[in-house]
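Throughout, protein chains are lettered first and strands after them, A, B, ... in sequence-line order, and every chain is numbered starting at 1. Please read all numbers here as calculations on a predicted model, not as lab measurements.
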Number of protein chains: 2
Amino acid sequence: MATGRTHRPATRSRGIPEATVARLPLYLRALTALSERSVPTVSSEELAAAAGVNSAKLRKDFSYLGSYGTRGVGYDVEYLVYQISRELGLTQDWPVVIVGIGNLGAALANYGGFASRGFRVAALIDADPAMAGKQVAGIAVQHSDGLEKIISENGVSIGVITTPPGVAQQVCDRLVAAGITSILNFAPTVLSVPDGVDVRKVDLSIELQILAFHEQRKAVEEAAASDAAAPAPAGHDASTDQGPDGDVPAVMPA
Amino acid sequence: MATGRTHRPATRSRGIPEATVARLPLYLRALTALSERSVPTVSSEELAAAAGVNSAKLRKDFSYLGSYGTRGVGYDVEYLVYQISRELGLTQDWPVVIVGIGNLGAALANYGGFASRGFRVAALIDADPAMAGKQVAGIAVQHSDGLEKIISENGVSIGVITTPPGVAQQVCDRLVAAGITSILNFAPTVLSVPDGVDVRKVDLSIELQILAFHEQRKAVEEAAASDAAAPAPAGHDASTDQGPDGDVPAVMPA
DNA sequence: CGATGTGAATAACTTCACAGCA
DNA sequence: TGCTGTGAAGTTATTCACATCG
């Protein structure tokens, strides 16, 4: 969800669909697990099951990368790991800065999944002078005054924002001004960035709200199923529907 | 991304598209901000800008909920807040358990965005006996032995998994057996659940990998742009393309 | 044979553009 | 007149089904 889109008129690039790109890390994870178990080859069916997708989709996804499989056999695990890693740009080192070392920032700094994928936490940055110098995940937190210097000296192009929402945009602006072109935003704010900068967002509260929607729906369907004898009225129009709880809205439109 | 899909043959339900559901929390957040500033009405254009989408999409999304706007004027902020909240099921209380109180679990427990949206952390659960009794975010951590009891006594239907990946599936199984029907999974594992249980996943490492992909692509495009005089060769075939770094794969297919 | 790779068909989502109502 | 609500058109993604090749 949500990337800056088209950094350019898409100069006849290889054009891997965004949906496919978003699944490559999933395949990579499954393949890495197979690799660790020294499994030499895998079929689209098996790999798809391990990655939680269906096999047709997986084969179509791989077809955008090239013909890396062997008919009648399947895919060579090591080879695929390499190809996908390369495609994702994980064969190189990506220094990352995390800005905002609260609970979440610290959790991310400690998260093991980064290092194993080519990501390296180059610096932890916080605006609180009291945090400066403290060790988090074995790295000394630095004050945000030096943000620009840290970024340019370490050649950082990816920034992670785990600040409170109120300062996220200004942190973002400074990151961009300092040369960052990819941002992972955990603050519940819409960031505005110039063209050419990618933003991806993770909002914990949004995920829960989506679950709540489906959860509520289940409850409604269950109720509907229980009085199977009396089916719902036919002329069911959204504009008059008061939804699960029959309450009348507290406020009416002007 | 990734929900269990079709809990039933979709019994002619109101059928709000999944993509729309995923954006409702975004609109709600923007509307809440307007509400706090006592803005009475808002146009699709303004609200769309605040939510980071385009106005046509927003209007189409709202059209699935009903006709809640006023032509020539816009939308009543308070009324929309109520309607979207109700649609998402946020007018009711959702007790949530968090299993796995490491860095991330603690960060979530402390996250303020939950309470304000109808979510209430009913319990923090950890398998480590040494954690039991410790206070995190003002809540005492409980040992996972009592998981089933905690869930049934509190009527919990949403569980958050922040355990190490190795135990995520078994935690998931226990949650489901105890009656949980919605799971937010932070462990980098594919969970398998029976029909009727929704799983959403958040994988921090995956988000970074997607950013890396685009970041790498930018670098490639930049290089291509710099030698504008010598355009890339025409017969450019994915199966022979060695990508950004010209390295030959370490392993070849069988 | 067995599993890949892929055109063609279908479905989901987005954007356009404008009729229609306040 | 201004902005919503929505058919229609366009785009992207998924699934089907089978030719193809090791």
Selection from [options] that lies nearest to any side-chain heavy atom of [X]:
X: Pro17(B); options: dC13(C), dT4(C), dT4(D); answer: dC13(C)
X: Ser63(A); options: dG5(C), dA22(C), dT14(C); answer: dG5(C)
X: Glu18(A); options: dA13(D), dT14(D), dG22(D); answer: dA13(D)

Rounded to whole Å, please give me the gap between [atom1] in [X] and [atom2] in [N].
X: Tyr79(B); N: dT4(D); atom1: OH; atom2: P; value: 16 Å
X: Ile16(A); N: dA13(D); atom1: CD1; atom2: C1'; value: 15 Å
X: Tyr64(B); N: dT4(D); atom1: OH; atom2: C1'; value: 15 Å
X: Leu58(B); N: dT6(D); atom1: CG; atom2: C1'; value: 14 Å
X: Lys57(A); N: dA11(C); atom1: NZ; atom2: P; value: 15 Å
X: Asp61(A); N: dT14(D); atom1: CG; atom2: C1'; value: 10 Å
X: Arg59(B); N: dG7(D); atom1: CZ; atom2: C1'; value: 13 Å

Hey, does the side chain of [X] come within less than 4.0 Å of [N]'s phosphate (OP1/OP2), counting only N and O?
X: Ser44(B); N: dT4(D); result: yes
X: Asn54(A); N: dT15(D); result: yes
X: Tyr68(B); N: dC3(D); result: no
X: Arg23(B); N: dT14(C); result: yes
X: Lys60(A); N: dT6(C); result: no
X: Tyr75(A); N: dG22(D); result: no

Between the base of dG2(D) and the side chain of Arg71(B), is one N or O donor paired with an acceptor at under 3.5 angstrom? no

What I want to check is whether the side chains of [X] and [Y] have a donor and an acceptor closer together than 3.5 Å.
X: Asp61(A); Y: Thr20(A); result: yes
X: Arg59(A); Y: Ser44(A); result: yes
X: Thr32(A); Y: Glu36(A); result: no
X: Ser35(B); Y: Glu78(B); result: yes

Residue mapping more 5' on DNA chain C - nearest nucleotide basis, Gly74(A) or Ala56(B): Gly74(A)

Is Phe62(B) touching bases, backbone alone, or none of the nucleic acid, heavy atoms closer than 4.0 Å? nothing

What do you reckon, is CD of Gln169(B) surrounded by more than 12 foreign heavy atoms closer than 6.0 Å? yes

